[in-house]
Each structure stands twice: as C-alpha cells, then as structure tokens.
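I have placed the structure first, in the form of structure tokens, so that the comments after it can refer back to it.
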Amino acid sequence: MADRIQPRDDVALMPGYHSPQVDVEVRLNTNESPLPPPESWRADLAAAIDRIGWHRYPDRAAAVLRERIGALHAVGPEQVFVANGSNEVLQTLCLTYGGAGRQVAVFEPTYALHSHIARLTGTGVATGERAADFTIDLAEVRRVLIEAQPAITYLCSPNNPTGLVETEATVREVLELAPGLVAVDEAYGQFAPWSALELLDEDVPLVVTRTFSKTWSMAAARLGYLVGPTWVVAELEKVVLPYHLDALKQAAGTLALDHVEEMERRVAAVVEERGRLELALRDLPCDVWPSGANFVLFRPQERAGAEVWQDLLDQSVLIRDCSSWPRLDGCLRVTIGTPDEDDRFLAALRRSLTPPTAPRNVE
Ligand code: PMP
C-alpha cells in the first residue's frame, strides 16, 4: 500500500479537541443553557424556513442579523462581524491578524481554543501565567507583551474555566500595554456584572466576542459574533469565506433577538442558581472559585478530581474534568443547570465525597 499523505507536521503533533459527548441523564459539562429556546422562537423559525429561497445563496453581508445585533449593543452593523460560533470568529481573527511570524498572547489557565486555533492558523503562541488566584498579573502581561509583541492579546471575561471576571481596570491596563489588538472573549459576558463592550471605540484596538451558544440557548445553531472598530470588521470580512453564514442560521439569530427580555430573565435565574450552587459546594470539602459565568470551578480536597468525575458519571451526571489541565490539578467544572439537575449533581457529589460509614458489626 502506498504511503498515506501526512498532515502538516504541527497538525500531526496536535492532540485535537477532547470533550467527551456521553449519553447521560444530567449533562453539565459544556456550559450550554439548561433550557431550550422559547416555544414561539421555534414556531417563528418554522415559518421563516418556508420563506427561504433555498436555490439562492444567502445574504453574504448578513445585513439584517448584523443590524439587529448592532442595535442590541448600540453600534452600527459595520461594527459587527458574524460567524459560525465564536470559535469561527476567533479563527477569522487569527487568519486576519495572525499567521506565520506573528504571535498571540494568552494567560493560562484560560480557554484552550485560544491557543489551539492560533496554532491551527500557523500563529505562534506566547503564554503567560495568571497569578495564584487566577487573576491577571499585570507584571506578567507586561513581560509577555514586551517579549512577544503579539498581534492579538487574548483576555477571557468571565474566564473559562476559572469563572473569574476581569476588572475594567485590568482591561484598560492591557489595552495600554498591548501593541496589537486586544480580544476580550465574552462567551459568558451576559452572566457578568460588567462588559468590555463599554470600552469599544473606533480609535481603541479592542474587539469583544460573544456567542448565541449559551444565553441564547442556541448551541446547536453555531452562531457567534464580534463587536469592534469598523476597520477590524472590514478586514475580517475579506478573510472569511463568501456566504459562510447560511440563511437558516441568519434567520434563527435574527428571530432570537425578538426574545431579549425572556433571555435576560433566564440569565438572572442562572445567576441566582449559581449563587445557590456555590454555597452548597462551599459546604462540602471542596475549594470553590467565585464565578461570574454559568459554571463553577471547584476542587475536591480529599479525593482526586478524576475519581470524583468518574463517580459522578457512574451516577449519570457528566461534568468537565479539568484535573489534568495545566495549573488546574484536581479541578472540576460544573455548568449551572436547572435546579433539579443541580440537585442531582449535588447529591451525586455528596455521595462521592462522603465515604460510606463502615458497616456496623452485628453479632
Ligand atoms: N469562548 C469561550 C470562552 C468558550 O467557553 C466557548 C465555548 N465553550 C467559546 C468561545 C466558543 O463558543 P461557540 O463557538 O459555541 O460560540
């Protein structure tokens, strides 16, 4: 048999993306919304499907969707870039501003796809470390940025997987220091008390990315966007494939924006539920990190994280095992679910962390 063609050397060495998709009763591993979109959204989408001219390419500019997203954030459509999930937004950013001989800067632990996507696009990755409490260490930022002169400096607020929200002062400082673009990934921005969207300006090299996968209950649709200066959006539009956003997705996103109030109520409910879950976790032998997102990072103190993860899975509760990730020794991450799902998780966790009392000797 002839030798098979091999991928690029750097791709051959890559581990790929591993987040097990297991069939379980309680799924709290990928930070989705616990609830499906509102019923009326489904009905409206069914009607919209009927109106799609399927033999024609979709609106390449996604004009209506960008207009509506822009209105949501009080900016014009020319400041909005839309793509297939915020991961594709990040990929387009790297294809546009990264590439051979250029670098992005990331501060670990953070969202693994920031560095993974950079590498896929041939961009170098300069890695800095967060402080012991996982906040951004500005001295470290200064060191990495001076050394690497990155084209893109990533922040993630709230940060996945730690849940920490960057302060406005930190984002402003990083903007002062960064030689290129600062990209604030706000996939969980709606759950946090403030947003870097407030700092956007035509003269500020700042972009903010968001997604429909979490708050908008539309992870299945794969829709995300970036808000930034018009000069960035214009360059991204040159790089992304023509007609990359299909007509169905454009309709789905536009219709979702008819439900802003309902979604805001849901966000408030998730934030309240997060408070309850954090309190319950603090009652157990666990270290718990304060979260501004729809998930909580915790570390069982007396048992190995991977064992606890397996115990939960054995009880049909799937959470994220971060225990082997750099700097996250023994850590686990749980998505906020419905109160019922969270109760199932807590009960399973209590069983895992509380050793069964030794059977009494009955003679
Ligand atoms: N950024 C962060 C921080 C995330 O956690 C995720 C999803 N896990 C994404 C981006 C990607 O989201 P999507 O591609 O679904 O929009």
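Both counts, for ligands and for their atoms, begin at 1 and track the order of listing.
Taking a 6.0 Å sphere around CD of Glu261, one finds it holds 12 or fewer heavy atoms contributed by other residues, nucleotides or ligands. By the 6.0 Å contact criterion, CG on Asp201 is enclosed, its count of non-hydrogen atoms from other residues, nucleotides or ligands being greater than 12.
Here the CE atom belonging to Met263 is positioned 8.5 Å from the OG1 atom belonging to Thr215, to the nearest 0.5 angstrom. Annotation: the span from Glu88 atom CD to Thr211 atom OG1 amounts to 12.0 Å, rounded to 0.5 Å.
Ligand 1 does not have Asn31 within reach: every non-hydrogen atom of the residue lies 4.0 Å or more from it. Look at Gly224 and you'll find every heavy atom at least 4.0 Å from all atoms of ligand 1.
Heavy-atom contacts of Thr211 reach the following atoms of ligand 1: 13 (P), 15 (O), 16 (O) (cutoff under 4.0 Å). Using a 4.0 Å cut-off to heavy atoms of Lys214, the atoms of ligand 1 that qualify are 7 (C), 8 (N). Remark: ligand 1 atoms within the under-4.0 Å shell around heavy atoms of Arg222 are 13 (P), 14 (O), 15 (O). Those atoms of ligand 1 that come under 4.0 Å of a heavy atom in Cys156, given as number and element, are 3 (C). Residue-ligand proximity, Ser213 to ligand 1, at heavy-atom distances under 4.0 Å covers atoms 13 (P), 15 (O), 16 (O).
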(request) Take Arg130 and Thr162 through the test side-chain hydrogen bond (donor to acceptor under 3.5 Å, both in side chains) and record every step on the way to the result. (result) CA-CA 11 Å; Arg130 284 165 187 265; Thr162 61; 5.1 Å; no
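Any N or O atom pair closer than 3.5 Å counts here, and Ser86 shares at least one such pair with ligand 1. Close N/O approach between His114 and ligand 1 is not found [any backbone or side-chain N/O within under 3.5 Å]. For ligand 1, the polar-atom distance check finds an N/O of Tyr188 within less than 3.5 Å of one of the ligand's N/O atoms.
Among all heavy-atom pairs drawn from Leu138 and Leu177, the shortest one is O-CD1, 4.4 Å.
Tyr188 and Phe191 have tilted rings, their planes meeting at an angle from 30° to 60° on a 0 to 90° scale.
Using a 4.0 Å cut-off between heavy atoms, Asn160 contacts ligand 1 through its side chain alone, with no backbone atom that close.
Side-chain atoms of Thr338 and Asp340 include no donor-acceptor pair closer than 3.5 Å.
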